[in-house]
2 protein chains.
Amino acid sequence: MPKRVDHEERRAQIAEALIRVAGRRGLHAVGMRDVAAEAGVSLRLVQYYFQSKEKLLFYGLQHLTDRFTARVGARLAAAGPDPGPRATIEALLLASLPTDEESRTFHLLYSSYAILSVTDGALAAQPFIDNPDAAENALTGLLESAQAAGLADPGADARIEAISLLAMAATMGTGILVGQRGPESAVAVLRHHLDRLFTTAERPAPPA
Amino acid sequence: MPKRVDHEERRAQIAEALIRVAGRRGLHAVGMRDVAAEAGVSLRLVQYYFQSKEKLLFYGLQHLTDRFTARVGARLAAAGPDPGPRATIEALLLASLPTDEESRTFHLLYSSYAILSVTDGALAAQPFIDNPDAAENALTGLLESAQAAGLADPGADARIEAISLLAMAATMGTGILVGQRGPESAVAVLRHHLDRLFTTAERPAPPA
DNA sequence: CTCTTCATGGTACCGCCGTATCAACACCGT
DNA sequence: ACGGTGTTGATACGGCGGTACCATGAAGAG
């Protein structure tokens, strides 16, 4: 048999080419030929690993969310070992804002996919229900633990505040994308609400 | 000369056909032939009143926002004569949620246009800066007057709260579109924040 | 060694879409 | 009445995009 190639890795390469070109020209404008050229492979190869454009797009969405999840995880790790709830939440929210090229591409493409899923039944709408739900649950949990630790206002409704924070971050992210708003403005608004929710100044456990 | 036709009215008819078909099949999937068929006219006529597809799309966006503005105005008028600031704000925010067919279409298409404008320089990005700015300014003014009237928490930052409310309404609107969230949930979150901002129960000026 | 199977390239087909062209028809001013 | 302009229709054209088909290396199994 011929040189055995890791299919999954190839698919990932092609998917990243899709993400790059879609980030530049828009998801609606991307064709199989563009993806092939961007990935430096032949059109036939794209067809070989993904039988149809629909499957390519589907895989691309999966890859996009995976990359983003990993990125958020890296941000959290970079926030230091055992950061307090507020630092964790702040890192989470700020990571979702389109401040650099990668997050800008993510925000743009994720939004494009979401809008697409409304009318094109082919693209599963499930990711756009499950992912936000998971984010809401995670943030709700963080807020609740902050309340339990006496760091956040115990009278606040954790779930409602979690939904609110995520919703604000999302819309302001789009605002940044279209040039309506600067990142500083978005950060200021988010910090304002965190200040409202977190009563006490936060101290990581002192080292001795 | 032939039967004189009101061009502006014709354009409006065609634009509404565009909005209907785009609301059903997605903005990306709409072609001139679809618009012509939906409007019950020939393809040539669409070309006659709009020289290119780009101009058709541009006009469609304008028409969409005009219709929405009128709709919001009607909602406000329906809220009764001289409603208090809170009722006004609530009507404003709830009108933007995709709860019926028309608002659903508006939300979907406006989002589609916004995403498009990020990558396609042809579609002016200006509307997506000016309209949100105007909404923010209007809502900020309403909040400030509520504060001046002693109805809302005077310590709140009116502009930040206005931005927050609009941002929450927008993202939750998309959440409703994709089926992640029900309208009741969105309304509950918005009301929660209004309850936080408005200290006093509101009374319209009693009639004598 | 050769045969099978995986991997890859080149290219053709078909349909759709935006645009342009040719033509007919209707009405109004003069 | 009649010409001319505003309006409408049918159709053709060029391009592009997704998919399908054929062919050719490349390498491990027997």
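All chains are named by letter (A, B, ...) in the order of the sequence lines, taking the proteins before the strands, and each is independently numbered beginning at 1. As the structure is a computational prediction, the values presented were derived from the model and not from experiment.
In terms of the salt bridge (Lys or Arg N to Asp or Glu O under 4.0 Å) criterion, residue partners of B:Arg191 (sequence neighbours excluded) are, by chain and number, B:Glu90. For A:Phe128, the ring-ring contact (aromatic ring centres under 6.0 Å, His included) criterion is met by A:Tyr110, not counting sequence neighbours.
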Please list every donor-acceptor pair under 3.5 Å in which a side-chain atom of residues 26-36 of chain A meets a protein atom from a residue at least two apart or in another chain.
from	atom 1	to	atom 2	distance (Å)
A:His28	NE2	B:Asp120	OD2	3.1
A:Asp34	OD1	A:Arg25	NH2	2.6
A:Asp34	OD2	A:Gly31	N	2.8

Can you give each donor-acceptor pair under 3.5 Å made by side-chain atoms of residues 163-183 of chain A, sequence neighbours left out, with the distance rounded to 0.1 Å?
from	atom 1	to	atom 2	distance (Å)
A:Ser164	OG	A:Ile160	O	2.7
A:Ser164	OG	B:His193	NE2	2.7
A:Thr171	OG1	B:Ala167	O	2.7
A:Thr171	OG1	B:Thr171	N	3.2
A:Thr171	OG1	B:Thr171	OG1	2.5
A:Thr174	OG1	A:His107	NE2	3.2
A:Thr174	OG1	A:Ala170	O	3.3
A:Gln180	NE2	B:Asp133	OD1	3.2
A:Gln180	NE2	B:Glu136	OE2	3.0
A:Arg181	NH1	A:Ser185	OG	3.0
A:Arg181	NH2	B:Glu136	OE2	2.5

Identify every side-chain donor-acceptor pair in residues 44-51 of chain B under 3.5 Å, counting partners at least two apart or on other chains, and give the distances.
none

Counting primed atoms plus P, OP1 and OP2 as sugar-phosphate and everything else as base, spell out the protein contacts along nucleotides 13-24 of chain C at 4.0 Å heavy-atom distance: B, S or - for each nucleotide, 5' to 3'. ----BBBBB---

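With respect to A:Arg24 and A:Glu38, a salt bridge is recorded, a charged nitrogen being found less than 4.0 Å from a carboxylate O.
Atom-to-atom, CD1 of A:Ile14 to P of C:dA7 comes out at 12 Å; the value is rounded to the nearest Å. Atom CG in A:Leu18 sits roughly 15 Å away from atom C1' in D:dG17 (whole-Å rounding). Rounded to a whole Å, the NZ atom of A:Lys55 is 16 Å from the P atom of D:dG18. Here D:dC16 presents its C1' atom at 13 Å from CZ of A:Arg25, a figure rounded to the nearest Å.
One finds a side-chain N or O of B:His7 lying less than 4.0 angstrom from the OP1 or OP2 phosphate oxygen of D:dT7. Considering only side-chain N and O atoms, B:Tyr48 lies nowhere under 4.0 angstrom from the phosphate OP1 or OP2 of D:dT8.
The side chain of A:Ser42 approaches C:dT8 more closely than any other nucleotide in the set D:dG9, C:dT8, D:dT8.
Using a 4.0 Å heavy-atom distance criterion, B:Phe50 is classed as making no nucleic acid contact.
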